Colleague: 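Take a look at the following structure, please.
The residues of the chain are indexed from 1 along the displayed sequence. Please read all numbers here as calculations on a predicted model, not as lab measurements.
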Amino acid sequence: MMVEHLNSQDGVRLLLTPNRSLSWRGNVQIWLALLILSALIATGMALAGAWVIVPFAGLELAALAAGIYLTSRACQRREVLTIGESDIHLEKGRTRKLTEWTLPRPYVRVHLDAPVHPFAPPKLALIHRDTEISLGSFLNVDDTERLIQLLESRGIVIERKTPDPEIGLWF
């Protein structure tokens with residue numbers, strides 16, 4: 001569950017996080033296992049005379065390490081949404097708060113763009129006048145639906161936009 005209730009005296013407070021299927025330690029362990037396997041194969045190929053394999057094995061492991069790092073970093077994103085009596089407060093960041101917005105609750109609505117594909121989650125955005133702030137862009141379908149239900153139960157107006165039926169996956 002990537003939509004979590006936090007204790008708050010200000011109102012309802014929700015912590016939104018991406019799905020992290022594996023910890024940083026688990027990612028490093030998988031990379032080390034692949035390093036050992038690749039080193040064994042590259043060493044065997046080098047001893048057999050195909051030494052040109054060794055630099056490509058190193059490049060492959062470097063690319064894999066970069067991919068693991070970037071994915072793990074993206075999975076550290078957090079959004080804290082506080083729905084108070086008079087305002088809505090949204091904070092975004094990774095290990096610390098990087099940006100925040102405070103919007104007047106009576107004038108805020110949530111814009112919901114329905115997905116074209118059934119496996120894709122709808123896109124949510126907080127709207128106030130000319131300010132549009134994406135909300136939970138990293139959530140999966142089930143967690144997005146749960147967030148929508150929580151927002152509706154708190155009286156937040158949800159504006160639903162359905163996709164054009166003439167535009168599909170195949171243009």
Colleague: Quick check: is Leu70 connected to Ile68 through a chain of hydrophobic side chains (ILVMFWY, heavy atoms under 4.5 Å apart)?
Modeller: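 Hydrophobic grouping puts Ile68 with Leu70.
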Colleague: Just grab all the salt bridge (Lys or Arg N to Asp or Glu O under 4.0 Å) pairs involving residues 123-138, residues at least two apart or on different chains.
Modeller: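 Salt bridge (Lys or Arg N to Asp or Glu O under 4.0 Å) check on residues 123-138 returns no pairs.
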Colleague: Treating Ile, Leu, Val, Met, Phe, Trp and Tyr as nodes and any side-chain heavy-atom pair under 4.5 angstrom as an edge, say whether Val12 and Ile158 lie in one connected cluster.
Modeller: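 Hydrophobic grouping puts Val12 with Ile158.
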Colleague: Run the numbers on Phe119 and Val141 for side-chain contact (heavy atoms from CB on, under 4.5 Å), then give the verdict.
Modeller: CA-CA 7 Å; Phe119 298 119; Val141 175; 5.7 Å; no
Colleague: Please identify each residue that fulfils side chain to side chain donor-acceptor pair (under 3.5 Å) with Asn19, with sequence neighbours left out.
Modeller: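 Checked Asn19 against side chain to side chain donor-acceptor pair (under 3.5 Å); zero matches.
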Colleague: Using a 4.5 Å cut-off between side-chain heavy atoms of Ile, Leu, Val, Met, Phe, Trp and Tyr, which other residues end up in the same hydrophobic cluster as Leu15?
Modeller: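 Direct or chained contacts put Leu15 with Leu6, Val80.
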Colleague: Quick one: do Asp143 and Asn140 satisfy side-chain contact (heavy atoms from CB on, under 4.5 Å)? Show the steps, please.
Modeller: CA-CA 5 Å; Asp143 290 331; Asn140 62 27; 3.3 Å; yes
Colleague: Once you round to the nearest 0.5 Å, how far does OG1 of Thr144 lie from CG of Leu112?
Modeller: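 Separation between the atoms: 9.0 Å.
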Colleague: Which heavy atom of Pro122 sits nearest a heavy atom of Glu145, and at what distance?
Modeller: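 Nearest heavy atoms, Pro122 then Glu145: CG-OE2, 3.9 Å.
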Colleague: Carefully, step by step, assess Val110 and Ile127 under the rule side-chain contact (heavy atoms from CB on, under 4.5 Å).
Modeller: CA-CA 6 Å; Val110 174; Ile127 306 284; over 6 Å; no
Colleague: Would you mind listing every side-chain hydrogen bond (donor to acceptor under 3.5 Å, both in side chains) that reaches into residues 52-77, with sequence neighbours excluded?
Modeller: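 Those involving residues 52-77 are Asn27-Ser72.
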Colleague: Tell me every residue that passes side-chain contact (heavy atoms from CB on, under 4.5 Å) with Ala120, counting only those two or more places apart in sequence or in another chain.
Modeller: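 Once residues adjacent in sequence are excluded, the partners of Ala120 under the side-chain contact (heavy atoms from CB on, under 4.5 Å) criterion are Pro115, His117.
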Colleague: Should Leu150 and Ile83 count as side-chain neighbours, where that means a heavy-atom distance under 4.5 Å?
Modeller: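 Not touching, per the 4.5 Å side-chain cut-off.
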Colleague: Ignoring hydrogens, what is the shortest heavy-atom contact between Leu139 and Pro121? Give both atom names and the distance.
Modeller: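 Nearest pair, atom of Leu139 first, then Pro121: O-CG, 3.4 Å.
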Colleague: Does Val3 offer a backbone N or O that forms a donor-acceptor pair with the side chain of Arg146 under 3.5 Å?
Modeller: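 Yes: the side chain of Arg146 pairs with the backbone of Val3.
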Colleague: What heavy-atom pair brings Thr17 and Phe138 nearest, and what distance separates the two atoms?
Modeller: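 Scanning both residues, the minimum pair turns out to be C-CE1, 3.3 Å.
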Colleague: Could you note down all residue pairs passing side-chain hydrogen bond (donor to acceptor under 3.5 Å, both in side chains) where residues 147-156 supplies at least one of them, sequence neighbours left out?
Modeller: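 Counting only pairs at least two positions apart or across chains, the side-chain hydrogen bond (donor to acceptor under 3.5 Å, both in side chains) contacts touching residues 147-156 are Glu152-Arg160.
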Colleague: Under 6.0 Å from the CH2 atom of Trp24, do we count more than 12 heavy atoms belonging to anything else shown?
Modeller: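 Yes, CH2 of Trp24 has more than 12 neighbouring heavy atoms, counting only those of other groups under 6.0 Å.
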Colleague: Does Ile30 have any side-chain contact (heavy atoms from CB on, under 4.5 Å) partners at least two apart in sequence or in another chain, and if so, which?
Modeller: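 In terms of side-chain contact (heavy atoms from CB on, under 4.5 Å), with neighbours along the sequence ignored, Ile30 is linked to Leu22, Leu34.
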Colleague: For Leu90, run the side chain to side chain contact (heavy atoms under 4.5 Å, CB included) check against Val108, Thr82, Leu126 and tell me which one passes.
Modeller: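 That would be Leu126.
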Colleague: Sorted by first residue and then second, give each side-chain hydrogen bond (donor to acceptor under 3.5 Å, both in side chains) pair with at least one member in residues 89-107; sequence neighbours left out.
Modeller: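 Non-adjacent pairs meeting side-chain hydrogen bond (donor to acceptor under 3.5 Å, both in side chains): His89-Glu91, His89-Glu100, His89-Thr102, Lys92-Ser134, Lys97-Glu100.
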Colleague: Between Pro106 and Ser86, which heavy-atom pair has the shortest distance, and what is it?
Modeller: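 Looking at all heavy atoms of both residues, the closest pair is CD-O, 3.8 Å.
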Colleague: Ala39: what forms a side-chain contact (heavy atoms from CB on, under 4.5 Å) with it, not counting sequence neighbours?
Modeller: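 Partners of Ala39 under the side-chain contact (heavy atoms from CB on, under 4.5 Å) test: none.
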Colleague: May I ask whether Phe56 and Trp51 are part of the same hydrophobic cluster, defined by side-chain heavy atoms of I, L, V, M, F, W, Y residues being less than 4.5 angstrom apart, directly or through others?
Modeller: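 Yes, Phe56 and Trp51 fall within the same hydrophobic cluster.
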Colleague: Report yes if the side chains of Leu147 and Leu14 come closer than 4.5 Å at any heavy-atom pair, otherwise no.
Modeller: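 Yes, at least one pair of side-chain atoms sits under 4.5 Å.
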Colleague: Output yes when a side-chain donor or acceptor of Arg20 lies under 3.5 Å from a complementary backbone atom of Cys75, and no otherwise.
Modeller: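 Confirmed, Arg20 side chain pairs with Cys75 backbone.
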Colleague: When you group the ILVMFWY residues by side-chain heavy-atom contacts below 4.5 Å and let the links chain together, are Ile156 and Leu16 in the same group?
Modeller: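 Hydrophobic grouping puts Leu16 with Ile156.
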Colleague: Whether the side chain of Trp31 engages the backbone of Leu61 through a donor-acceptor N/O pair (distance < 3.5 Å, no angle test) should be reported.
Modeller: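 A pair under 3.5 Å: yes.
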Colleague: Yes or no on side-chain contact (heavy atoms from CB on, under 4.5 Å) for Leu103 and Asp87, after CA distance, side-chain angles and deciding distance?
Modeller: CA-CA 5 Å; Leu103 306 170; Asp87 60 358; over 6 Å; no
Colleague: Could you identify which residues cluster with Ile36, counting Ile, Leu, Val, Met, Phe, Trp and Tyr as linked when any side-chain heavy atoms lie under 4.5 Å apart, either directly or through a chain of such contacts?
Modeller: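 Direct or chained contacts put Ile36 with Leu40.
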